[in-house]
S.K.: 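Here it is, the structure, as structure tokens.
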Protein chains: 2
Amino acid sequence: METPEQRNARHKKAMQRKKAHIDQRIAAATTDKGLLLVLTGNGKGKSSSAFGMLARSVGHGLRCGVVQFIKGQWECGEHLLFAEHPQVEFQVMNTGFTWETQDRDSDIAAAEATWAHAERLLADNSIDVVLLDELTYMLTYGYLNPDRVLSALQNRPTSQHVIITGRNASKSLIELADTVSEINDVKHAFNAGIKVQKGIDY
Amino acid sequence: METPEQRNARHKKAMQRKKAHIDQRIAAATTDKGLLLVLTGNGKGKSSSAFGMLARSVGHGLRCGVVQFIKGQWECGEHLLFAEHPQVEFQVMNTGFTWETQDRDSDIAAAEATWAHAERLLADNSIDVVLLDELTYMLTYGYLNPDRVLSALQNRPTSQHVIITGRNASKSLIELADTVSEINDVKHAFNAGIKVQKGIDY
């Protein structure tokens, strides 16, 4: 049977090995660049993750631009917190979900008008972080030209971070991205008959 | 060949069907309760997702408590933004990673002292949202008693939301949770030699 002292000594040794491994990995990461992050998958947490990174960025004093596609019909907590913040420029498409409008032509016009804000932010050197919330749906539905979107992302300032959220991110978006996280439901309260919750879901 | 008018009519019909389906699902979700959310998996976005929900909650005027396990050795953007916010109480374990301390006994003492803050928040009716960041590691390492943790979660105020992050969430934590999201890396910038980035990673 191991004594507490032996247990502690074994722990210390394991942690020394772990530290050596992690230090080596940190030393190997030497590139500094603006990242393209994609948060996709069917699970809960894509937009919230993006807004968590926005919170971090604002905390560090970075200048941020947010463009929300689809949303905007009800009062979201992220909008309440960030829309008036001096470091954040916040644009909302504001048409509601495409199954609410039921009008393809007006959806396309709204998507293109909203994308124009994104393009402006992606050309602006003074913006450190750009969040394009729910952008992927605009591509899935064919509301935006994918080449135009990819070209604006590729030609942005080299130090600018971009965060894109939404289900079914396209192959070309994933190829261009530096970090791609896929978020899947293990379980979801909504499927158990629980209402969407203020602060958690919106 | 479909005319633009036919295309639009088909779109409208599909969206009407989608709306009927979604409205039915929304109508079926009638329960209102404090949720237990677990964000787990090896991918990037667990803590950021939790802090995004915190941002939403703060935006809606909710009172929030944050307890960060492990972290606290360097200045994180989420701490810079929320620690001084009047709606947020923010506690940090502040010992650094367990491979930095390399001392099991002092890690356990720090984990227990930090958990005492969590227990107090989980017993406080006036706190709407409790974020327990990186809690799972305290259970994986055996630093906290899992029964004590589960019991505090089960006995919390019924309307209180709790968000827990970290890899390898235990089976009993997943069973107790209302919503569990698993976040996996499709790719991660760090593995391509890119440094952790301010605002994105911390």
Side-chain angles (χ1 to χ4, degrees), chain A residues 8 11-12 15-16 18-19 22 28-33 35 37 39 43-45 48-53 55-60 62 76-78 80-81 98-100 102 104-105 128-129 161 174 178-190 192-195 197-200 202, chain B residues 8 11-12 15-16 18-19 22 28-33 35 37 39 43-45 48-53 55-60 62 76-78 80-81 98-100 102 104-105 128-129 161 174 178-190 192-195 197-200 202:
Chain A
N8 288 350
H11 174 87
K12 190 176 172 72
M15 289 303 125
Q16 283 172 337
K18 185 158 186 174
K19 180 170 162 55
I22 288 171
T30 52
T31 310
D32 227 348
K33 61 171 280 204
L35 300 180
L37 298 106
L39 297 150
K44 182 197 167 20
S48 27
S49 182
F51 280 99
M53 292 186 232
R56 280 184 182 149
S57 301
V58 169
H60 282 296
L62 301 179
C76 291
E78 62 267 31
L80 288 166
L81 183 66
T98 189
W99 57 89
E100 295 290 347
Q102 301 178 3
R104 187 173 153 83
D105 284 345
D128 302 301
V129 179
H161 300 302
I174 287 173
D178 300 289
T179 293
V180 180
S181 291
E182 188 172 299
I183 304 185
N184 290 305
D185 277 339
V186 176
K187 54 174 151 173
H188 198 305
F190 189 61
I194 299 172
K195 281 198 244 183
Q197 297 291 319
K198 189 193 278 191
I200 302 300
Y202 65 94
Chain B
N8 288 349
H11 174 86
K12 190 176 172 71
M15 289 303 124
Q16 283 170 338
K18 185 159 187 171
K19 179 171 163 54
I22 289 171
T30 53
T31 310
D32 227 348
K33 61 171 279 202
L35 300 180
L37 298 107
L39 298 150
K44 181 193 168 22
S48 26
S49 182
F51 280 99
M53 292 185 233
R56 281 185 181 147
S57 301
V58 169
H60 282 296
L62 302 178
C76 291
E78 62 269 31
L80 289 165
L81 183 66
T98 187
W99 58 88
E100 295 289 348
Q102 301 177 2
R104 189 172 151 81
D105 284 345
D128 303 301
V129 179
H161 300 303
I174 287 173
D178 300 290
T179 294
V180 179
S181 291
E182 186 171 300
I183 305 184
N184 291 304
D185 278 339
V186 175
K187 53 174 150 172
H188 197 305
F190 189 62
I194 299 171
K195 281 197 245 185
Q197 296 291 318
K198 189 192 280 191
I200 301 300
Y202 65 94

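Below, read A as the first sequence line, B as the second, and so on, with proteins coming before strands; counting in each chain starts at 1.
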S.K.: Give the member of His161(A), Glu100(A), Lys198(A), Arg104(A) that has the highest number of heavy-atom pairs under 4.5 Å with chain B.
M.R.: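 Most heavy-atom pairs within the cutoff with chain B belong to Arg104(A).
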
S.K.: Below 4.5 Å, heavy-atom pairs only: which of Ser57(A), Ser48(A), Gly52(A) has the largest tally toward chain B?
M.R.: Ser48(A)

S.K.: Quick check for you: among Lys12(A), Met53(A), Lys33(A), Gln16(A), which has the greatest number of heavy-atom pairs under 4.5 Å with chain B?
M.R.: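 Result: the option with the highest number of such pairs is Met53(A).
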
S.K.: Heavy-atom pairs under 4.5 Å with chain B - which of Asp128(A), Leu39(A), Val58(A), Leu37(A) has more of them than the others?
M.R.: Leu37(A)

S.K.: Measuring from atom NE2 of His11(A) to atom CD of Gln102(B), what distance do you get when rounded to the nearest 0.5 angstrom?
M.R.: 8.0 Å

S.K.: Compare every heavy atom of Met15(A) with every heavy atom of Trp99(B), then report the nearest pair and how far apart it is.
M.R.: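 For Trp99(B) versus Met15(A), the nearest heavy atoms are CB-O, 3.6 Å.
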
S.K.: Checking Ile194(A) against chain B: side chain, backbone, both or neither under 4.5 Å from a heavy atom?
M.R.: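 Backbone plus side chain of Ile194(A), per the 4.5 Å heavy-atom cut-off to chain B.
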
S.K.: Taking side chain as everything from C-beta outward and backbone as N, CA, C, O, which of these in His188(A) sits under 4.5 Å from a heavy atom of chain B? Side chain, backbone, both or neither.
M.R.: both

S.K.: Tell me whether His60(A) contacts the main-chain N or O of Leu80(B) through its side chain, where contact means a donor paired with an acceptor under 3.5 Å.
M.R.: no

S.K.: Examine distances only and state if a side-chain atom of Arg56(A) and a backbone atom of Ile200(B) form a donor-acceptor pair shorter than 3.5 Å.
M.R.: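 A pair under 3.5 Å: yes.
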
S.K.: Chain A: which of Gly199(B), Ala28(B), Gly45(B), Gly59(B) shares the most heavy-atom pairs with it under 4.5 Å?
M.R.: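 Among Gly199(B), Ala28(B), Gly45(B), Gly59(B), the one with the most close pairs to chain A is Gly199(B).
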
S.K.: Can you tell which part of Ala55(A) gets under 4.5 Å to a heavy atom of chain B, answering side chain, backbone, both or neither?
M.R.: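 Interface part for Ala55(A): both.
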
S.K.: So, for Thr179(B) and Ala189(A), which heavy atoms are closest and what is the spacing to 0.1 Å?
M.R.: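 Closest approach of Thr179(B) to Ala189(A): OG1-N, 2.8 Å.
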
S.K.: Can you give me the closest heavy-atom contact between Leu35(B) and Gln197(A), atom names plus distance?
M.R.: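 Leu35(B) and Gln197(A) have their closest heavy atoms at CD1-CG, 3.7 Å.
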
S.K.: Please identify, among Asn8(A), Asp185(A), Val129(A), the residue contributing the most non-hydrogen atom pairs under 4.5 Å to chain B.
M.R.: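 Maximum pair count with chain B is reached by Asn8(A).
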
S.K.: For Ile183(B) and Ser181(A), which heavy atoms make the closest approach, and how far apart are they?
M.R.: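 Reported closest heavy-atom pair: CG2-CB, 3.9 Å.
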
S.K.: Sequence neighbours excluded, which residues qualify as side-chain contact (heavy atoms from CB on, under 4.5 Å) partners of Glu182(A)?
M.R.: Asn184(A), Val186(B)

